[in-house]
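Working notes for the structure below.
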Amino acid sequence: EKGGHDYFMLKEIEEQPSAIADTLRGHLVEGRIVLDEQRLSDQDLRDVDKVFVVACGTAYHSGLLAKYAIEHWTRLPVEIELASEFRYRDPVLDRSTLVVAISQSGETADTLEALRHAKEQKARVLAICNTNGAQIPRESDAVIYTHAGPEIGVAATKTFTAQVAANYLVGLALAQARGTKYPDEVVREFEQLEAVPQAVEEVLESLGAARALGQELAPSKAVLFLGRHVGFPVALEGALKLKELAYMHAEAFAAGELKHGPIALIEDGLPVVVVMPSPRGRAVLHSKLLSNIQEVKARGARTVVIAETGDETVKPFADHLFELPQVPTLLQPLVATVPLQVIAAEIARARGYDVDKPRNLAKSVTVE
Ligand code: F6R
């Protein structure tokens, strides 16, 4: 059932266009965003004055992206917190706080306990979950299900991109309720999301090079990942995949931090993966990251650059280049993550590891 693939994870990586499309389907009804299960009134949503997002691991990385989208579209302050930390620091919660709990399994103990803590403090809770009837959606006031289908590979791939899509639906639902976006703007944002699966297809078609690169990087001791803005969570996710699958030391930095310490790590031959912003959409950040690539390259790093197609400026400094279709800034993570998933899986495979069942990991973590 691996669909002709060597491991489930590759099949699941390739299922991302349909995971995203299926997650979006049915959520725009007569020009309005609707959630799956909603025990919150429009007034409840209008009354929200602060959002917390809680999640673990890959779901946490998707939550970082929720922050960018929700703040941008709604002007509500959004805090994202590791679920395992949340209830141990007395977060400020009340009935006008919305807590978004993101969990593929819907059974993660840390996330469930964070949710319960939020409810005790009278906060409203919205779950994003891939598993019908799991505990986290059962205990929530509203739900958006990701429709990624069952994920066999222990490392999350298609559920991550589906979570990002679902997070953006939460952002649009809040923008709609608060009136921070006109109805036609909400529809336009939704339509842009609907175009993402096609863009992911394009990325998937050009992944032969990612497989070859996996072979080449397999002997490395460590890999660093750099990104900024929405590229930073992508970098974090790329590093997590590499740790989980290839048991390789991998670390992600917001690229602006490089000069505050991590640049000392750069040495001859160290692979550095850089997630470039669009030169059109984010010109200032683009030029800063371009300087970062030059800095690490000058110190001997082997650069792997993920950039928008047509971005000529990166070419002289990229030892390996992966080109992404042009998409709006907030949607770039949905395409940029894909090559990183494949590179991690291929490094793991080249090292002889079981990509679908990495050591020491369980698909669902039901202990705190
Ligand atoms: C990473 C991975 C884990 C999970 C985390 C949360 O590939 O699978 O980091 O993302 O354990 O799990 P859920 O989403 O089920 O709450």
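For ligands, and for the atoms within them, numbers begin at 1 and follow the listed sequence. Model, not experiment: these values are computed from the prediction.
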**Asked** What protein heavy atom is closest to atom 4 (C) of ligand 1, reported as residue, atom name and distance in Å?
**Response** Thr58 N, 4.1 Å

**Message:** Applying salt bridge (Lys or Arg N to Asp or Glu O under 4.0 Å) to Arg32 and Asp42, what does each step give before you reach the verdict?
**Reply:** CA-CA 12 Å; Arg32 286 185 63 79; Asp42 278 356; 3.8 Å; yes

**Request:** Just jot down the ligand 1 atoms closer than 4.0 angstrom to any heavy atom of Ser103, in number order.
**Result:** 13 (P), 14 (O), 15 (O), 16 (O)

**Prompt:** Considering only heavy atoms of Ala155, which atoms of ligand 1 have at least one such atom less than 4.0 Å away?
**Reply:** 7 (O)

**Prompt:** In terms of residue, atom name and distance, what is the protein heavy atom nearest to atom 11 (O) of ligand 1?
**Reply:** Val365 CG2, 4.2 Å

**Request:** Around atom 6 (C) of ligand 1, find the nearest protein heavy atom and jot down its residue, atom name and distance.
**Result:** Cys56 O, 3.4 Å

**Item:** Gly106-ligand 1 polar pair, N/O distance under 3.5 Å
**Value:** no

**Message:** For atom 14 (O) of ligand 1, what's the nearest protein heavy-atom neighbour? Residue, atom name and distance, please.
**Reply:** Gln104 N, 2.6 Å

Please list every donor-acceptor pair under 3.5 Å in which a side-chain atom of residues 205-216 meets a protein atom from a residue at least two apart or in another chain.
from	atom 1	to	atom 2	distance (Å)
Ser206	OG	Val203	O	3.1
Arg211	NE	Glu346	OE2	3.1
Arg211	NH2	Glu346	OE2	3.3
Glu216	OE2	Arg302	NH1	3.1

**Message:** Could you tell me, atom by atom, which parts of ligand 1 come under 4.0 Å of a heavy atom of Ala59?
**Reply:** 10 (O), 14 (O)

**Request:** Considering only non-hydrogen protein atoms, determine which one is nearest to atom 8 (O) of ligand 1 and report residue, atom name and distance to 0.1 Å.
**Result:** Val154 O, 3.4 Å

**Prompt:** What protein heavy atom sits nearest atom 16 (O) of ligand 1, and how far off is it?
**Reply:** Thr108 OG1, 2.4 Å

**Request:** To the nearest 0.5 Å, tell me how far Leu334 CG sits from Ile20 CD1.
**Result:** 5.0 Å

**Request:** List the steps and the verdict of side chain to side chain donor-acceptor pair (under 3.5 Å) for Gln16 and Thr161.
**Result:** CA-CA 7 Å; Gln16 290 181 104; Thr161 39; 2.7 Å; yes

**Asked** Any idea which part of Glu107 is under 4.0 Å from ligand 1, heavy-atom wise: side chain, backbone, both or neither?
**Response** neither

**Message:** Tell me the protein heavy atom at minimum distance from atom 2 (C) of ligand 1, and give that distance in Å.
**Reply:** Glu244 OE2, 3.5 Å

**Asked** Would a 4.5 Å heavy-atom cut-off, applied to side chains only, mark Leu224 and Val296 as touching?
**Response** no

**Request:** Please could you name the atoms of ligand 1 that Lys241 approaches to less than 4.0 Å, counting only its heavy atoms?
**Result:** 1 (C), 7 (O)

**Prompt:** So is Leu361 close enough to ligand 1, meaning a heavy atom under 4.0 angstrom away?
**Reply:** no

Quiz: residues 167-174 side-chain donor-acceptor pairs under 3.5 angstrom, not counting sequence neighbours:
from	atom 1	to	atom 2	distance (Å)
Asn167	ND2	Ser62	O	2.8
Asn167	ND2	Ser62	OG	3.3
Asn167	ND2	Gln163	O	3.3
Tyr168	OH	Leu330	O	2.6

**Message:** When you compare the side chains of Thr157 and Gln341, does any donor N or O come within less than 3.5 Å of an acceptor on the partner?
**Reply:** no

**Asked** Any ion pair linking Arg39 and Glu37 (charged N to carboxylate O, less than 4.0 Å)?
**Response** yes

**Asked** Does Lys158 use its side chain to pair, donor to acceptor, with the backbone of Glu12 at less than 3.5 Å?
**Response** no

